[in-house]
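All residue numbers refer to positions in the sequence shown, counting from 1. None of these values were measured; they are calculated from a predicted model. Remember, it's 1-based here, ligands and their atoms both numbered in the order they're listed.
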Amino acid sequence: MGEEKKTPFIPDFFRQTPSTFVPEWVQAVKPGSTEKAGDLGTRGSARPSVGQSGGKALLLKGGHCIIPHQGIFPLDVKIRGTKIESLGENLSDSQALTVEIRGKYVLPGVIDPHVHLGIFTDFDTELVTETRSALLNGVTTLGLYLGGQDPYLPKLDDIIAKIQKKSFCDIFIHLVILNQKQLEEVPVYYSRYGITSFKTYMCGIPGLIPEVEDDFLLDLMEKVSSLGPDTILNIHAENYRIVQRATQRLRKAEPLSESLTEWERSHPAFAEAEAIQRAAFLSKESGVRIYFVHVSSEKGIQSARDLKQKSKNLFFETTSPYLTLDLEQDLDLLYKMVPPIRSREDQKALWQGLADDTVDTIGSDHTPLSSGQKKRSVSLWDVPPGYPAVGTHLPSLLDRAAGNGLPLDRLVEKMSASPAKIFGLYPGKGTLVPGSDADLVIVDPSLRKEATPQAAASRSDYCLHQGKMLKGWPVAVIKSGQWLTPQSIERAGGTIRGRYLKRG
Ligand SMILES: [Zn+2]
């Protein structure tokens, strides 16, 4: 992505509208100062209410904008309707609803490219509760995985209609492809529904998702790549046989284990590294772009780093839980996941991978369960994998990034700009430029707050980092031009609508 770091930084769609105000910094970008945070106040201006539009602009004054790949700048932001109209110094508009946000950062809305809904309870319920959890916590767009063994054509219209009706966030879909019937329909998913990303599993999840063999993987790579350069295949990369071998041995030795350390050993890091290498090798023939989901280990990162030097078609994701939870501290079975939470050394390697651009994006792998659903089982081995993560995604990363050597503007690259680019949403989403969607999150970098299930606002009764104090929280979210706070989201309820994002 080196090319995109160069100036001038004027996207094509912006050039075509010469009447739009071009802020000075677009021509000559100046480094911004870093002021101390203050209180979020309206300083005599009216606090905008939900649903305002009617041609009136919304003006955010005094904040610091984080523009991915550019830096941090003291800029006002003017929003009209559902789009960003302009950014600039000392913007004024006597007609606008003005909000003073001195001491706060303005980020492009977070794009979480990796969430699952409807796995452990019904889809319709989670489409409401989990997108609300996301939006309240700064995530305005979701990449939603749809899975199962049936062909998707009979149900996609219905699912998309539900998204438009019930979701608080904008949603794009990744379809899981596991069998021949689904494979045959891939071109229709692409042409009719604008679905450009697909997923498969080299290692399945026992009882939930089967794994595919290399011959099917090759068929899928060829099919996806034949559709065009905007398509991408997402892969869960672990070597199934190695994981199975380790699991059988450990389970036999410790049938009643309740230890997440045991769980980690049942998914050896080298199984992840091997599968990444194999998939990358197989992909060469077809030229398919591959996006490796949830890389979890130091060995995985080492493979990724080597491969990335030789190919422009490989992209890597890690997740906020892998970046912020570790086996020394977070051993509760509520944190059981596939791949597993690993050691501090693995975690350090993931942060390093972000810093040196081995890792492109951060997802959450949000898969909500209640503590009752998690702990119904007799032993570790039967606990279902998954956890609610989208509600703590942004706060946990804001809390940890600086301490792990990743500056805030780089974090925003990984959380917004990169997923938008890889999945075909940029620059409508993933950045702050005139003409982009007005999805923004206002962050107070010095706000310290306890992580609680109430703040995470998922359907689940627990959250990651529960009881820990985290520093750096979203204090307001602007979605499609609407100013939202937790209270206003509660009040407005059904009037906030997400969109289905058709791509391609
Ligand atoms: Zn997942």
Side-chain angles (χ1 to χ4, degrees), residues 110-121 123 126-127 130-131 133-134 139 141-149 152 169 171-178 182 195 197-212 217 220 232-238 240 243 263-264 267 271-272 275-276 279 290-297 300 315-325 334-342 350 359-369 373-374 383-393 396 414-415 419 422-423 458-460 464:
V110 173
I111 299 171
D112 181 347
H114 193 152
V115 302
H116 303 268
L117 300 179
I119 292 189
F120 293 104
T121 193
F123 179 74
E126 291 196 343
L127 194 52
E130 307 314 298
T131 61
S133 166
V139 179
T141 298
L142 301 174
L144 170 66
Y145 284 95
L146 293 181
Q149 301 262 31
Y152 298 101
C169 297
I171 287 183
F172 61 100
I173 289 175
H174 315 285
L175 283 182
V176 174
I177 306 296
L178 298 167
Q182 293 172 334
I195 294 171
S197 44
F198 302 90
K199 182 188 188 184
T200 202
Y201 291 75
M202 294 171 81
C203 185
I205 306 207
L208 274 179
I209 303 157
E211 60 285 339
V212 304
L217 186 58
L220 182 55
I232 193 157
L233 179 59
N234 306 354
I235 295 182
H236 176 137
E238 287 183 286
Y240 170 67
V243 168
W263 179 243
E264 197 271 338
H267 285 251
E272 182 174 75
I276 288 171
I290 295 188
Y291 177 87
F292 290 95
V293 296
H294 57 47
V295 178
S296 64
S297 67
F315 303 89
F316 296 87
E317 171 196 272
T318 189
T319 72
S320 47
Y322 299 148
L323 289 163
T324 59
L325 301 170
L334 293 174
Y335 299 143
K336 179 179 164 181
M337 191 41 150
V338 179
I341 303 291
R342 299 193 192 271
L350 298 177
V359 179
D360 298 283
T361 68
I362 311 173
S364 72
D365 209 351
H366 181 77
T367 311
L369 293 104
Q373 287 177 306
K374 279 298 261 198
V383 174
Y387 38 50
V390 76
T392 43
H393 184 60
S396 67
K414 305 292 180 187
M415 298 187 81
I422 291 167
F423 294 113
S458 158
R459 79 163 178 91
S460 180
L464 304 185

**Request:** Have a look around the Zn ion (ligand 1) and list protein N/O/S atoms under 2.8 Å, or say none.
**Result:** H114 NE2, H116 NE2, D365 OD1
So, [X] versus [Y]: side-chain donor-acceptor pair below 3.5 Å or not?
X	Y	value
R342	S297	no
T319	D365	no
H174	N234	yes

**Prompt:** Okay, side chain of S460, backbone of L369: is any donor-acceptor separation there less than 3.5 Å?
**Reply:**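 Here the side-chain-to-backbone pair exists.
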**Message:** Please verify the inter-ring angle class for H294 with H236; under 30° counts as parallel, over 60° as perpendicular, anything in between as tilted.
**Reply:**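 H294 vs H236 ring planes: perpendicular.
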**Partners meeting ring-ring contact (aromatic ring centres under 6.0 Å, His included) with F292 (sequence neighbours left out)** = F316
